[in-house]
Every structure is written in C-alpha cells, then in structure tokens.
Amino acid sequence: MDYKAIEKKWQDIWDANGSNNFDWSSDKPKYYVLEMFSYPSASNLHLGHWYNYGPSDTFARYKKMQGYNVFHPMGFDSFGLPAENFAIKTGVHPKDSTEKNITTMLGQLKSIGAMYDANSFLVTSRPEYYKWTQWLFLQLLKKGLAYQKNAPVNWCTSCNTVIANEQVLDGSCERCKSEVIKKEMTQWFFKITHYAEELLACLDGLDWPEKTKSMQRNWIGKSIGAEITFAVVPPRSADPKDVKDYIKVFTTRADTLFGVTYVVIAPEHPLASTLPTAAKKKAVTKYIQEATKQSDIERLSTAKEKTGVFTGRYCINPATKKRIPIYVADYCLATYGTGAVMAVPAHDDRDFAFATKYKLPIVTVIQSADANNDNTTSGAYTNDGILTNSKKFDGLTSAEARQKIVASLKAHGTLKTNYRLRDWSVSRQRYWGAPIPIIHCQKCGAVPVPEKDLPIELPYNVEFAPDGKSPLAKCASFTHTTCPKCGGKATRDPDTLDTFVCSSWYNLRYIDTKNTKEAFDPKLINKLMPVDKYVGGAEHACMHLLYARFFNKALRDMGYVNCDEPFKSLVHQGIILGKDGQKMSKSKGNVVNPDIYVDEYGSDVFRMYLMFGFSFVEGGPWNDDGIKATVRFLERVERIVRKVYEPTTIKQSGDISEVEFVLHSTIKAINEDLEVFSFNTAIARLFELVNAIYRYDTAGYDPTALQDTCRTLILLLAPFAPHFCEELWASVINTGKTCSIFDHSYPKHDPSKLTKSTVEVAVQFNSRVKCKITIPQGLDQAAAQKTALADPTVIAALNGITPKKVIIVPDRLVNIIV
RNA sequence: GCGGAUGUGGCGGAAUGGCAGACGCGCCAGACUUAGAAUCUGGUAUCCUUGAUGUGCUGGUUCAAGUCCAGUCAUCCGCACCA
C-alpha cells in the first residue's frame, strides 16, 4: 500500500466531509477530548507533539466508534517569551515569526491525520482571542479577584530590564552575565488563594493521576496552625506601654511556644529595615541586599549554612514573658505565612542549626513519649510528644497543647489555617502578550478599560530591545490615552498578561471560537464541559492545571459555567528523551526529527510505533529499532485481509474456535487497555490476534471462515492506523459502500466465546511449582483439590505424607503445604 | 532543600499479592529459493542444566512479594516570570 498517497487521500476526504467535526445536531452523548495545545516554536512539530497528539487521537477515534459525539479541538498557545527573545536576537517581529511558525506547524499537524474539529481552531495571540482574555481580566477585577500590589521581580542591573527566572543562571543574567537582583514593582495579581480550600477539596473527586493530585495538594500546602503576636520591646526601655511594633508569626507548632528563644523576620519583611538599632543598621542593610540576589530554592535549602544578622532589638515571648532577640535571616520567606517565624531550636532542624551557629539558647519543651533524650546536643526533636518546661501545660500532648496554649494567649494568638499557595502574579513587563486592559489616571487611579473598547490591540511598531522600560511603555501611540472616567490625560498599563492566563480558558473558547459578541455562549459551553479526557505533560501539574481550575471556579461563580471542575479525567504522557537518555535539546544535538520517519513510513506506522514502543505514561529514550516491526505488522494485516477476501485456496472445513477465543479475548483486552491509555499492550493484543489468524490460515483451513474475524480486526485497528484501515475497509472489506469505518461501532466481546472447557493450573509444593494439571474451567475448590491430590506426580511427590494445608486459587493454582 | 516519580533479560517493555519476562526487536534454527532479500514456522532469562538462582540493595509481613511495609542507593521531573 502506498501509505503516503492514501494518507493524503483520506485526510482530504475527512476534511471535505467534515467528519472530524463535532456534530451539534446529534443526540449522541458528547465526549470532549483535549490535548494541551502547543507553542509555535521556531522548530517544527517535534517528537513530543507527536507523542501527545497521535495516541490521544487514537483514543478520540475509539470514543467516536464507541458511539460518542466527540469534540476534539486543536490550536496554538502563541504568546510568550521565546518569540520575543527571538525578535531581540534577530529583529524578526514576534507576530511575523509566530504566524509563520503556525502555518508550518498546521501543515505538520494535518499530516498526523488526527480528527481535529476544523471549526474550533484558535490562536491565543490573535485579537479575536485575546480580546476575550482581556474581558476575562475585567470580569475577575469586577469580582474582586484581581488586585494590584508590590512584588519582587528579577532585575538585571546591566540590561536594565526584568528577566524571567529561566533567564537567571547562578544569580546572573544569562545574556550579559551581570548580577541579577530583586526589585519591587507594582503588579497585578489574581486571588487564587480565595479558592485554596475548594481547589484542595475538589481534588478528591477527580479522575487524575494520584501523583498529580498529591503534587497539587502539596503546592496548595494547607497547614493548620496559629498566628501568634510577639510584642517588640522599645529601645532602651522595657515598659510594655511603649510597645508600638508587633511581629506576627505563623506556626504549626504552638505547642513549642515555651521553647521559642528568638524570632526571625524575612529580609523583605517591612520591619527588617525599620527595626534595627543604629549600631546594627549597616550590617542588616547589607544582609538584606545580599538576600535579594538569591532564589527561594537556594534560601530554603536545609543543606546550606544558615545565615542571619541580629537587629539589636528584642521582643517578648508571650508564654515565658522573657526578652528574646530578633534576627533577620534568609531562611525565612516573606511570601509564606506572615514573613516571620518563631524559632524553636530544640524542635526544628533549621532553628537548631541557626541557634548552634549563633550561640542562642536551646530549650527543650517537648519530650518523646517513649524515651528521655536530651535534645540540646544531639539535634532537634521534631516529632510531637509530651510537654515539659511549659509551666501549667506540662504533661499535655502536643495536640492538646496546640489548642490550649493558643487559647491562653487571648488577643495575642488565634488558630489559623495557612496555605503555601500564593496569589498568581499576572503582570509581565514584556511585549509579546495580551495587554492588560487598565488605564492609569492621576485622578482616578487604575481604571478598567470599558468592555466596548476591547480589544486593546497590541501595537505592531514597538521597540522591544531591553533598556529599562516595558516595550509598550515606549510606544507613545499606545500609552497615551484618556481616562474613561474623568476624560483627563491618562496612560495605559504598560504590562502584558502572563501567558498562563491565555491558556486558562482556551478549553472554553474552543467550543465557540467564532463568537464575536461574547467570550463564549454559556449554553454551548455547558453542553460540552467538562473536558472528559485531558492529555498533556506532567510538568503542568502545579501551574497550568491549577490556574485553569481557578478560572473555571471563578467563571462558575459568575454564572457562566455549570461544572465545578474543568477537567474530569487527566492523563500525562511521558517524555521521549534523546538516544543518549537526556532530554532532547538543540544544544545537546540529540533532537530526533519526526518528519524523517513520517516521510519514510507514513503517519500510521509512526504513530503506531510511538504507541507500541513505549509505555505511554513513562516515555523513555528514543530508539527506532522496533519501527520496522510496525511496518511488518501492517503488511501482515494487509496480506491476510486481501487473501481472506479473495479466497483461491481449496476450501476445507476446520475448527475456528481457537481463533474465536483469541478474537474475543483481544476485543475485551483492547477495550480495557484503551480506557486507561495502555496503547502498547493493546497493540500487543492485536499482534497476537494476527498471529492466531495466520496459524489458522497456514493450517490449511477455509479462508472464508476468517472474513468476519478480519473485518473485526480492521475495526479494532482503525483508531491506531486510521488511514490504512479506512483504505482497506473501502477497497477490500466494505466495497461499494461509502460509509467511513469510523461510523461503525467498535467491536464488543461476546463473553460466551471466552469460556474454555479446561484450564491448566500450576500445582505448587510449599509455594514452588512442581507440576501442571489440566482441570475443567471454574471447578470448585474442593473438586480442584481432589483432582490435584489424585494426580500421579503429586501422589509420588507426597510419598504418603498428608498435606498440612491446601490453598486453591480458582483456575490458577493449587498450593500444597507439607 | 522541599515535593513527585522511576529502577524487571542483550534491547523496548508485560504482569487484580497467585506459574516473572506477555507482545515486539535482536539473535539462532527450519521451510521456501539457484542464491540472497522478503515471507512462513519454531526456539531464545541465567547457571555448575537430575533443580537451583533470578525484578537496584538490606530487612520485614505472607502459604505465596516485581507487587505490600521499613530502610537504603541510583536516576529523572517540578519548585511559582519557560510554556
């Protein structure tokens, strides 16, 4: 078969018939299959895309043949940093390079032969899409879910610009190697923390990989604890009446309060710069500056030596009433809790290390329930236990004490639930993104752009070479405008939205891409949502997948979406690595280009090999040794099908029950495997079926008896090799009819064909296999035991001894314990 | 560092706690062929080959462990401005 020719032929026919599109008039149940859309990068559609989209399409076609009205859209997530970096380097405008890449990639996408809905194509960087991204920003703002605050960004001191985390290498700029510092800027945030509890709670009901759910749980990081206030002692006076400053800390270990011997505030904490005494001011300021150069990951590392500086000031431990010193230390993060911690060196590893280094007191207040060990020298005892050195709380368990100690603090302590999840920063000081629809007016402040004025189009002529300002800020025609409220002179927000905002609602826009009046018609989206199967990389576990869930919940609360969760079921494909086992990258020179294989073998062979050669969720190093096996398999299928449908051999009658048994167990297994994306085992079952057909055929039996089997085989194979099967179907099996194979039902197994009269079971002696016996299938335990014990080999092995015990696993084994 | 995963023949990979290695690649043999290729059929974990050993390593639970538990080593992924 000329694969290339038939693939083109069927792709054109499917296009012309619109058979890939969702049928809005159908009353079949809907099924929404979604793959994470791709970024139109400068290189072509790569192996990773094929590995995601090929198998997902097999799944979508399988669902279609099962009788679902399948919605399977595709588009491009086309805003983002790479196009802008490419522009800075080459001068090619991001819009031009992006649109060019999209054209190339669209052609390549077509060559997969996937059944993408042609009506639902979208590109996030086109105004007809980002108009609605901006509209959504305004809706979140209206709902109180968007707000402005100061937040640190990476600032390259030489390029004079904001750079992404990705561009920071070992604390310096990847472009110019200069030092990168943190700089505070006013930015927009989405209040994802508003939904922290619900985002956590709803995970339980999702059909997602357990590891992904567990990563999101940890990312949200709920911890139940307490907020405790430490009063700062005024300088040179201990008179509590003069107390003006307070340090609030969050702790999950209020039971250790009597062991608090110092307090730490983060370098970014507002008090860090105001609190230090004159004598300490210089040292603290220097320390704060140093801290801004490190990443959170570096700072939190427990392997790294703890550092900090004394502020010269003290606060009062509300339990012991003792004066304790206040330190500034970078192991305390401003973004978590209150940006301040109470330190309990006896019962926390980091505090222990810090206290040992700075010779601070270590007071044991928790004892292990089963042993008396002195914690002050051996390291911190971090488990719960029994309280000691805690006055009236002595003898309580940690759990009891956490409640009672907080209660005793009255106004200075409250029980509190804290989340590690932070609000989502969406401002980017970049060009290639959706402009933030806000106008800044001196009189009226930040004013939302009226919805009728959307989209705020991204101007084409801008200077995006980095020089200290957002590219949009330098574009006068864009920046200068009038305030929608007061009509006075005003400026547009110079920032663009994080591209994750664009990808947080594309699953909704797909359903109604042509809508020019609204982002989507609620009636339509509620017909198709939620997504029934979402397929994409595990690297999105904590960000995209959480942001999209947040958007869905916010839109639900605004009355647009009915479902609580956007993605009912989720599957991650693995990563195909280079031959060397390393992640593919241009710099490593280990990139495998799928085009070469598609050119040589065609799309069906290539996507089948991707499904057969790897475990879908695992991926692994690329290796094309087995690709010829897939070619061979399809050729074997074609040969036998043609032979069976043009019988020339002499007809004999024969027992086809063995083939039937294999056929029906294959159907059963494939259906089960496809439901869980186990493509490699499903294809293995198809191999077995074809082997069984060949064995029957070569035994000289009647080929016409195999026609039904071959017909079923091609139906089973159709989602895996769609062009190939469509061609065989039309030209050999279903000749003279125009109905596509994908309009036929996927085979279902007949349970009556799966019963065999006898089964072979293993007979074990003390759990070791001794021999095998053949017994009737479904034989009850007593009879199975009797049969086994009557077997000559067993009698000989027993040699007159009576077994202590016999364990029977029906139809599998008999274990005789002697 | 924190969080998440992975570890099985020469190779890719299979195994609801129940006969480890399905299926395929590779390799070996046979058939067909003048010959080769292709095709078809069979074989293929290891070893001292009469039965013993085998799923990174050390223990544990169990009649029975790749699978469950504890620990350990190695590798990979994410960590909030890459998408």
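Note on naming: letters A, B, ... go to the chains in the order of the sequence lines (proteins, then strands), and numbering restarts at 1 for each one.
- Comparing C57(B) with U75(B), their C1' atoms are spaced 15 Å from each other, to the whole Å.
- On the P atoms, A20(B) is 29 Å away from C27(B), given to the nearest whole Å.
- When heavy atoms are screened at a 4.0 angstrom cut-off, Arg430(A) is found touching base atoms of the nucleic acid.
- Partners of Val809(A) by side chain to side chain contact (heavy atoms under 4.5 Å, CB included), not counting sequence neighbours, listed by chain and number: Arg812(A), Leu813(A).
- Looking only at side-chain heavy atoms (C-beta outward), Asp495(A) and Leu472(A) stay at 4.5 Å or farther from each other.
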Using the 3.5 Å cut-off, write out each protein N or O paired with an N or O of nucleotides 68-78 of chain B and the distance between them.
none

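- With rounding to whole Å, Ile817(A) atom CD1 is found 14 Å from U62(B) atom P.
- In RNA chain B, runs of at least 3 stacked Watson-Crick or G-U pairs (N1-N3 plus N6-O4 or O6-N4, or N1-O2 plus O6-N3, all under 3.5 Å) give these stems: B:1-7 with B:73-79, B:10-12 with B:23-25, B:26-31 with B:39-44, B:45-47 with B:51-53, B:56-60 with B:68-72.
- Classified by its glycosidic torsion, G42(B) falls in the anti category, the angle being over 90° from 0.
- Of the candidates Trp622(A), Tyr609(A), Trp50(A), Tyr597(A) forms a ring-ring contact (aromatic ring centres under 6.0 Å, His included) with just one, namely Trp622(A).
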I would like to know whether Asp498(A) and Arg428(A) meet salt bridge (charged side-chain N to carboxylate O under 4.0 Å, His left out); could you show each step before the answer? CA-CA 6 Å; Asp498(A) 178 9; Arg428(A) 297 291 180 270; 3.0 Å; yes
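- With sequence neighbours excluded, the residues that form a side chain to side chain contact (heavy atoms under 4.5 Å, CB included) with Phe86(A) are Thr90(A), Val92(A), Ser97(A).
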Below 3.5 Å is the cut-off: list the nitrogen or oxygen pairs between protein and nucleotides 50-53 of chain B, distance only.
residue, atom, partner, partner atom, Å
U53(B), OP2, Arg768(A), NH1, 3.4
U53(B), OP2, Arg768(A), NH2, 3.4

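- Rounded to an integer number of Å, the gap from CZ of Arg695(A) to P of G42(B) is 6 Å.
- No engagement by His544(A) is indicated, since no non-hydrogen atom pair under 4.0 Å with the nucleic acid exists.
- For U39(B), the base adopts the anti conformation, since its glycosidic angle falls more than 90 degrees from zero.
- Look at Glu688(A) and Arg685(A) and you find a salt bridge, because one of the NZ, NE, NH1 or NH2 atoms lies within 4.0 Å of a carboxylate O, short of that distance.
- Side-chain N/O atoms of Gln187(A) and base N/O atoms of C81(B) include a donor-acceptor pair closer than 3.5 Å.
- The distance from atom CH2 of Trp424(A) to atom C1' of A80(B) is 11 Å, rounded to the nearest whole Å.
- Put simply, the side chain of Lys213(A) gets close to the backbone of Leu203(A): a donor and an acceptor are under 3.5 Å apart.
- In this model, no donor atom of one side chain and acceptor atom of the other lie less than 3.5 Å apart for Asn680(A) and Ser615(A).
- A distance-only check finds a donor-acceptor pair linking the side chain of Tyr51(A) to the backbone of Phe616(A) [under 3.5 Å].
- Base contact: Gln429(A) has a heavy atom under 4.0 Å from a base atom.
- Look at the P atom in both G30(B) and A35(B): the space between them is 13 Å, to the nearest Å.
- Distance, Tyr547(A) OH to C82(B) P: 10 Å, rounded to whole Å.
- In this structure Arg430(A) satisfies the salt bridge (charged side-chain N to carboxylate O under 4.0 Å, His left out) test with no other residue, sequence neighbours excluded.
- Not a single salt bridge (charged side-chain N to carboxylate O under 4.0 Å, His left out) links Glu539(A) to another residue, sequence neighbours left out.
- Listed for the Asp493(A) side chain is no donor-acceptor partner under 3.5 Å among the backbone atoms of Pro435(A).
- Within 4.0 Å (heavy atoms only), Phe633(A) reaches no atom of the nucleic acid at all.
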What string of B, S and - do you get for nucleotides 13-26 of chain B, 5' to 3', if B is base contact, S is sugar-phosphate-only contact and - is no contact with any protein heavy atom under 4.0 Å? SS---BB--BBSS-
Check the interface with nucleotides 44-46 of chain B: list each N/O to N/O pair with the protein under 3.5 Å, or write none.
none

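- By the salt bridge (charged side-chain N to carboxylate O under 4.0 Å, His left out) test, Glu760(A) is found to be paired with no residue, residues two or more places apart in sequence or in another chain being considered.
- One can place CG of Asn623(A) at 11 Å from P of C11(B), the figure rounded to the nearest angstrom.
- Look at the P atom in both U72(B) and G66(B): the space between them is 22 Å, to the nearest Å.
- In this structure, Leu421(A) reaches the bases: a heavy-atom distance under 4.0 Å links it to at least one base atom across the strands shown.
- No side-chain heavy atom of Val659(A) sits less than 4.5 Å from a side-chain heavy atom of Arg695(A).
- For the P atoms, the distance linking G17(B) with U6(B) amounts to 15 Å, nearest Å.
- Taking atom CZ of residue Phe679(A) and atom C1' of nucleotide G12(B), one finds them 17 Å apart after rounding to whole Å.
- Residues meeting the salt bridge (charged side-chain N to carboxylate O under 4.0 Å, His left out) test with Lys222(A), sequence neighbours left out: Glu197(A).
- Across G12(B) and A80(B), the matching C1' atoms stand 36 Å from one another, rounded to whole Å.
- With rounding to whole Å, Asn101(A) atom CG is found 16 Å from A83(B) atom P.
- For the OP1/OP2 pair of C81(B) and a distance below 4.0 Å, the side-chain nitrogens and oxygens of Arg428(A) include at least one atom meeting the criterion.
- A donor-acceptor pair under 3.5 Å links the side-chain atoms of Trp432(A) to the main chain of Ser78(A), judged by distance alone.
- Across all strands, Ser503(A) comes closer than 4.0 Å to no nucleic acid atom at all (heavy-atom distances).
- Side-chain N or O atoms of Tyr129(A) include one that pairs as donor or acceptor with a backbone N or O of Cys502(A) at under 3.5 Å.
- Here His540(A) pairs with His544(A) under the ring pair (Phe, Tyr, Trp, His ring centres under 6.0 Å) rule; sequence neighbours left out.
- For the P atom pair drawn from G10(B) and U55(B), the interatomic distance equals 13 Å after rounding to whole Å.
- Atom P of G54(B) sits at a distance of 31 Å from the matching atom of C28(B), rounded to the whole Å.
- Separating the CG atom of Asp498(A) from the P atom of A83(B) is a distance of 6 Å, rounded to the nearest angstrom.
- Heavy atoms only, all atoms of each residue included: Cys542(A) and Met215(A) are closest at SG-O, 3.8 Å.
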